[in-house]
Each structure stands twice: as C-alpha cells, then as structure tokens.
J.: 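I have a structure here, written as structure tokens, and I will follow up with some questions on it.
For the single chain, residues carry numbers from 1 onward in sequence order.
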Amino acid sequence: MQIQQLNRDDPDKIFITVENAEGSALEPNFVCEWTGTTTDADQGRKVELVDSALHTVTGLGAATGKVAGVVTETIATGAIGRLQVWGPAKVRVKTSGAPAGTLVMGGSDGTNSHGIILPSNGAAGNGIGAVQAIVGTSLESVNATNAMVQLHCM
C-alpha cells in the first residue's frame, strides 16, 4: 500500500498495487473490481473492470463482489499498476444529475462492460443496500462524463 505524504496543497490519497487481469488495458478514472479466483497467489492482486450489474443486496454481481479502486494511470494487459482507494479522484460516470454528497457505487448497465459508477439514485433496482459496491461520496454534482469523488474503497 502506498500512502501519499501529507501535503497542504494536495489532499491525502492512498493507492494499492495490482495486476491487470482484464484482457485489455485499464484506462484512467474507471472503477475496478477484484478478479474472482481460487488461486491463493492471485487473490487480492488481480483486478478487472467492473462488468457486473449492481445488486441491491449482494453488491456487485460477480463472484468477487467488491470494488477494488479507481485506475490512476493506464495499466497494460497483464501489467502491474496502481489503483487509488482513498481520497479525492476523478471517476468515470454513467448517469448524471446526482447532487454533491451523494453516495456512489460501481456497476455496469449491462451494455457497457467497463468500470463506471452509478449514483445510488441511478438506474432502477440500484440501491443503498449494495454496500460492497460503494465507491465513495460525490464531491460535486455528477455530470455525464466524470465526477470528483471522495473514495472509500478500502
């Protein structure tokens, strides 16, 4: 785990090191989930884009069921890179209209197989019960492309 040193001009941020198991490059600002595996050496290390629909009880629909973090820089296929798990970050958004202070979650709308976040008041059936899918809290009104989010992925 990497913890950025306290800086008065830049808020605290925490990062983790991961391996890309997506099969294609992971792009900045997209939300990742842990890759489901029974191989002990790969658990807590391999990630992929969130591609499972959000479920109000179990969180993410994949076997992993937990948001891992947000991509900070492009991670090539099979390469090692880092995800941000705490602190303010620009995050890719699917829906717009949620005000600042809204709890936001990772998920897929079924057609887009990438790591997007859905405000808790987003698509039908997505609700606050999906605790394992929580990414953080929006720090600004969510637009249709990106939003600044206070991450709480750890």
J.: CG/Leu26 to OG1/Thr77 distance, rounded to the nearest 0.5 angstrom?
T.: 7.5 Å
J.: Could you report the tightest heavy-atom contact between Leu139 and Pro88, atom names first, then the distance?
T.: CD1-CB, 3.9 Å
J.: Identify the heavy atoms of Cys32 and Val71 that sit nearest to each other, and give their distance.
T.: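 Closest heavy-atom pair between Cys32 and Val71: SG-CG2, 3.5 Å.
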J.: Backbone N or O of Met148 within a donor-acceptor pair of the Glu140 side chain at under 3.5 Å?
T.: yes
J.: Passes side-chain contact (heavy atoms from CB on, under 4.5 Å), Val85 versus Leu151? Steps please.
T.: CA-CA 6 Å; Val85 296; Leu151 299 179; 6.0 Å; no
J.: Using the rule given for side-chain contact (heavy atoms from CB on, under 4.5 Å), can you reason through Phe30 versus Val50, listing the C-alpha separation, both sets of side-chain angles and the distance that settles it, and then say yes or no?
T.: CA-CA 8 Å; Phe30 282 17; Val50 172; over 6 Å; no
J.: What's the spacing between Glu22 CD and Leu49 CG if we round to 0.5 Å?
T.: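 Between Glu22 CD and Leu49 CG, I get 4.0 Å after rounding to 0.5 Å.
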J.: So Val47 and Trp34, do their side chains get closer than 4.5 Å, heavy atoms only?
T.: yes
J.: Could you give the distance from CD1 (Ile14) to CD (Gln84), rounded to the nearest 0.5 Å?
T.: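 Reported to 0.5 Å precision, the distance equals 9.0 Å.
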J.: Closest approach of Cys153 and Gly69, non-hydrogen atoms and distance?
T.: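 Cys153 and Gly69 have their closest heavy atoms at SG-CA, 4.0 Å.
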J.: Checking side-chain hydrogen bond (donor to acceptor under 3.5 Å, both in side chains) for the pair Gln150/Thr137: CA distance, chi angles, key distance, verdict?
T.: CA-CA 5 Å; Gln150 174 65 35; Thr137 307; over 6 Å; no
J.: Donor-acceptor pair, distance only, cut-off 3.5 Å: does the side chain of Asn20 make one with the backbone of Ala76?
T.: yes
J.: Evaluate the side-chain contact (heavy atoms from CB on, under 4.5 Å) criterion for residues Glu33 and Val67: first the C-alpha distance (whole Å), next the side-chain angles of each, then the deciding distance (0.1 Å), finally the verdict.
T.: CA-CA 4 Å; Glu33 64 184 354; Val67 168; 5.8 Å; no
